[in-house]
Amino acid sequence: MPKMTVNPYYCKGCGLCIPVCPQKIIRLSDQINEKGYNYAECFNQEACIACKMCYIACPDVAITIEK
């Protein structure tokens, strides 16, 4: 099963990953990282198709896709 994870330490909450997700399963977390940003998170791992669009869009290389 594919899995999308975000490293909260590197994510600055820019949100560029959110509109590029064809499954619309990424949102900004209610949690705040140590830099003061609401980081991105996948809220429905079962729906992830590992297309890597979020990975490509992320300027901070904070996203990992596992197949």
Side-chain angles (χ1 to χ4, degrees):
M1 174 199 282
K3 183 178 180 187
M4 178 272 202
T5 55
V6 177
N7 184 328
Y9 180 80
Y10 294 110
C11 181
K12 66 175 181 267
C14 68
L16 292 175
C17 56
I18 296 171
V20 299
C21 177
Q23 301 298 96
K24 305 300 181 205
I25 56 172
I26 305 172
R27 66 181 173 206
L28 292 181
S29 173
D30 292 336
Q31 304 294 314
I32 296 174
N33 66 16
E34 56 192 65
K35 296 178 183 177
Y37 300 117
N38 293 85
Y39 53 89
E41 66 179 359
C42 177
F43 61 88
N44 186 358
Q45 290 290 350
E46 293 78 31
C48 181
I49 59 173
C51 68
K52 298 186 179 178
M53 292 302 292
C54 56
Y55 174 82
I56 293 167
C58 182
D60 300 308
V61 194
I63 296 174
T64 304
I65 304 294
E66 298 174 39
K67 286 191 175 185

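Contact detail for Asp60 and Lys12: the closest heavy-atom pair is OD2-NZ, 2.9 Å. Residue Ile26 comes nearest to Ala40 through the heavy atom pair CG2-CB, 4.1 Å, listed as atom of the first residue, atom of the second, then distance. Smallest separation of non-hydrogen atoms from Ala47 and Gln23: O-NE2, 3.1 Å.
In this structure, Cys48 SG and Glu66 CD are separated by 10.0 Å, a value rounded to the nearest 0.5 Å. Rounding to the nearest 0.5 angstrom, the gap separating the CG atom in Asn38 from the CZ atom in Arg27 is 12.0 Å. Note that the CD1 atom of Ile18 and the SG atom of Cys54 stand 11.0 Å from one another [nearest 0.5 Å]. Glu41 contributes atom CD, which lies 8.5 Å from atom CG of Leu28 (distance to the nearest 0.5 angstrom). For the atom pair CD1 (Ile25) and CD (Glu46), the distance works out to 9.0 Å, reported to the nearest 0.5 Å.
Counted within 6.0 Å of NZ on Lys24, heavy atoms from surrounding residues, nucleotides or ligands total more than 12; the atom is thus considered enclosed. Within a 6.0 Å radius of NZ in Lys35, more than 12 heavy atoms belonging to other residues, nucleotides or ligands are found.
Of the residues Cys58, Cys42, Cys11, the one that meets the side-chain contact (heavy atoms from CB on, under 4.5 Å) test with Ile63 is Cys58.
The backbone N or O of Met4 sits less than 3.5 Å from a side-chain atom of Gln45, completing a donor-acceptor pair. Side-chain atoms of Asn7 do not come within 3.5 Å of backbone N or O of Ala62 as any donor-acceptor pair. Between the side chain of Lys67 and the backbone N or O of Ile49 there is no donor-acceptor pair closer than 3.5 Å.
Proximity of Pro8 to Gln31: side-chain heavy atoms (C-beta onward) are nowhere separated by under 4.5 Å.
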